[in-house]
2 protein chains.
Amino acid sequence: MGITMSHLKEMFRERQYKLTAQRQIVLQAFLDHQDEHLSAEDVHNILRNQSSEIGLATVYRTLELLSDLGVLQKMNFGDGRSRYEINEASTTRHHHHHLICLACGKVKEFEDDLLETLENAVARKSNFKIVDHQLKFYGYCQECQEK
Amino acid sequence: MGITMSHLKEMFRERQYKLTAQRQIVLQAFLDHQDEHLSAEDVHNILRNQSSEIGLATVYRTLELLSDLGVLQKMNFGDGRSRYEINEASTTRHHHHHLICLACGKVKEFEDDLLETLENAVARKSNFKIVDHQLKFYGYCQECQEK
DNA sequence: GTTGATGCAAAACTTTTGCAACACG
DNA sequence: CGTGTTGCAAAAGTTTTGCATCAAC
């Protein structure tokens, strides 16, 4: 069970942010493109293509807002721009991680819940209060291995 | 046992790269600043401050070269620039990971060798040939917790 | 009505690139 | 000496910002 538009409305009311059309369609773009790691420009293009006009600066501002709220998670796959995806950690404890192909750059998802115990161990030893983690594997995807 | 300047010279000879003064002082900067996550500009400043003149473009080109060789590892902590550190994985199997404070942005290192088994499991299930991994924990450092 | 949000264009940054001069092997 | 490397300045790309206009509450 991920986040929904109603969740967003509630969060915004609580914090007295204005619920604008732009903010809703940005979240909707992520709901329509689950597990796709969209960049700011991706979101801008998606919205323009469905005739939902929005300024690129507003996209950036909204992505930052949604990240601060924990709705989105900002990530970096080394392609020179930030990418975002819905932060499942905000509603469930269901984590997934990323396999990044060093040859073609493709990013594949990987399900995992095995890091809980490690996280607890790290928290105890380091005196950090840990709230999230992010794990990336680098390697070569099957297709690139065959070449 | 990490990489040394002799290692670098040998690697360069093998691959017929030229061993320029600039390439040596860039590596030296990392040897002099272990576990510091330097950005291109950091390296540029460090070298300028010790009167080792070098162009910023050359720093970028050298960082890319050393990353391709596996000597450095490129990373991103969300501050809008790439950061690099000596890639211990190239000489030993001794990994370390990062604890990033969401309040003050400070990055702390964390020792770990526990991910080997997970890496193997992931490799088997995903058909990826995994060569490296990177793990980040997000949370609040002790100082920021006390505020 | 107020106040925060948007859109545009300009600005700020980081990173890349073209090209003449240079220096390693 | 030849070819790869450097330095500079310009270009490219992403992200941020100032400000007038607009719209949510």
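Quick note on labels: first sequence line is chain A, next is B, and so on, each numbered from 1.
To the nearest angstrom, P of dG4(C) lies 17 Å from CZ of R15(A). Note: CD (E64(A)) to C1' (dT6(C)) measures 15 Å, nearest angstrom. Nucleotide dT6(C) holds its P atom 9 Å from the CG atom of L65(A), rounded to whole Å. The distance between atom CD of Q16(A) and atom C1' of dT2(C), rounded to the nearest whole Å, is 13 Å. Between R81(A) atom CZ and dT16(C) atom C1' the separation is 14 Å, expressed in whole Å. Between R83(A) atom CZ and dT15(D) atom C1' there is a gap of 15 Å when expressed in whole angstrom units. Between I54(A) atom CD1 and dA23(D) atom P the separation is 14 Å, expressed in whole Å. In this entry the distance linking CG of L63(A) with P of dA5(C) reads 15 Å, nearest Å.
Centroid-to-centroid, the aromatic rings of H98(B) and F110(B) stay 6.0 Å apart or farther. Proximity of the aromatic rings of H97(B) and H133(B) is defined here by a centroid distance below 6.0 angstrom, and this criterion is met.
The nearest pair of heavy atoms linking I86(A) to L31(A) is CD1-CD2, 3.6 Å. The two residues F30(B) and Y84(B) have their closest heavy-atom pair at CE2-O, 3.2 Å.
When heavy atoms are screened at a 4.0 angstrom cut-off, S82(B) is found touching the sugar-phosphate backbone but no base atom.
No donor-acceptor contact under 3.5 angstrom links the side chains of Q28(A) and H33(A), judged on distance only. At a cut-off of 3.5 Å, with distance as the only test, a side-chain donor of E109(B) or H37(B) sits close to an acceptor on the other residue. With 3.5 Å as the limit, one finds no donor-acceptor pair spanning the side chains of N127(A) and Q145(B).
Look at R23(B) and you'll find a side-chain N or O under 4.0 angstrom from OP1 or OP2 of dT5(D). Considering only side-chain N and O atoms, Y60(B) lies under 4.0 angstrom from the phosphate OP1 or OP2 of dT15(C).
Judged by distance alone with a 3.5 Å cut-off, a donor-acceptor contact links the side chain of R61(A) to the base of dG7(C).
When the local axes at the two ends of the helix from dG1(C)-dC25(D) to dG25(C)-dC1(D) are compared, using 5 base pairs at each end, they differ in direction by 40° after rounding to 10°.
Looking at heavy atoms from C-beta onward, Q24(B) lies in side-chain contact with K9(B) at the 4.5 angstrom threshold.
Around CD of Q16(B), the count of heavy atoms belonging to other residues, nucleotides or ligands within 6.0 Å does not exceed 12.
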Please list, pair by pair, any protein nitrogen or oxygen found under 3.5 Å from a nitrogen or oxygen in nucleotides 22-25 of chain C.
residue : atom : partner : partner atom : Å
dC24(C) : O2   : K18(B)  : NZ           : 3.2
dG25(C) : OP1  : L19(B)  : N            : 2.9

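The nucleotide whose nearest atom lies closest to any side-chain atom of T58(A) is, among dT15(D), dT6(C), dT15(C), dT6(C).
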